[in-house]
Amino acid sequence: MTDTRGQQPSYESYNGPLPGERAGGQASGPYHPPQAYGAPTTGGTAGGQTGAVRRPRTGARTTPRTRKARLRVAKADPWSVMKVSFLLSIALGICTVVAAAVLWMVMDAMGVFSTVGGTISEATGSNESNGFDLQSFLSLPRVLMFTSVIAVIDVVLMTALATLGAFIYNLSAGFVGGVELTLAEDE
């Protein structure tokens, strides 16, 4: 094989400063980096140009740019959507039962059931019967049972609707390409 590169410089005989080192004898004063543009001059040619060559900036003074990425949600996995919606609907159902129990206890402590129940029993009562008893109808166990049934129905419906929504999204994303998102990095 023949070397066609020609004569190569000899690196063993180089005595100059290495990259990142200061040139000889400048260790005593502060370091001044090279300037991208020459010092401004007064007078000169038209427009303030003196014929100096404009050098590109080194990037030391530039502000950092925020990186952005445009992404497209092309498909939603129905199995994943079903699992997440099931867990979120269970959490919502538990919150509903707890909120109903707290609301019933607050209303009972304020005497709402006894006052409204007395008014209803007077309005619906006759000489032979006492009328409708609201306090026994709206007891805490009955209210919690009714709220639990509503919560279970809610869990089933929300899970089914979210899964059906994922299927419909996948069909429509096949036609129009999906939802486009722009994500930006925090500084």
Let me confirm one number: the OG1-CG distance from T163 to D77, rounded to the nearest 0.5 Å. 10.0 Å

Does some side-chain heavy atom of R142 sit less than 4.5 Å from a side-chain heavy atom of F146? no

How close do E185 and T66 get, heavy atom to heavy atom, and via which atoms? O-CG2, 3.0 Å

Matching residue for I153 among V155, L157, V156 - test: side-chain contact (heavy atoms from CB on, under 4.5 Å): L157

Under 3.5 Å, which donor-acceptor pairs link side chains of residues 93-112 to any protein atom two or more places apart or in another chain?
from: T96; atom 1: OG1; to: L92; atom 2: O; distance (Å): 2.8
from: W104; atom 1: NE1; to: L138; atom 2: O; distance (Å): 2.7

Looking at Y169, I'd like to know if its OH atom is crowded, meaning that more than 12 non-hydrogen atoms belonging to other residues, nucleotides or ligands lie closer than 6.0 Å. yes

Okay, side chain of S85, backbone of M82: is any donor-acceptor separation there less than 3.5 Å? yes

side-chain contact (heavy atoms from CB on, under 4.5 Å) with V81: which residues, sequence neighbours excluded? A76, A162, A166

Can you measure from OG1 (T147) to CG (D154) and round to the nearest 0.5 angstrom? 11.5 Å

Would a distance-only check, ignoring hydrogens and angles, find a side-chain to backbone donor-acceptor pair under 3.5 Å from R70 to E180? no

Closest heavy-atom contact between A173 and A74? CB-O, 3.4 Å

CG-CZ distance between L181 and R72, expressed to the nearest 0.5 angstrom: 11.0 Å

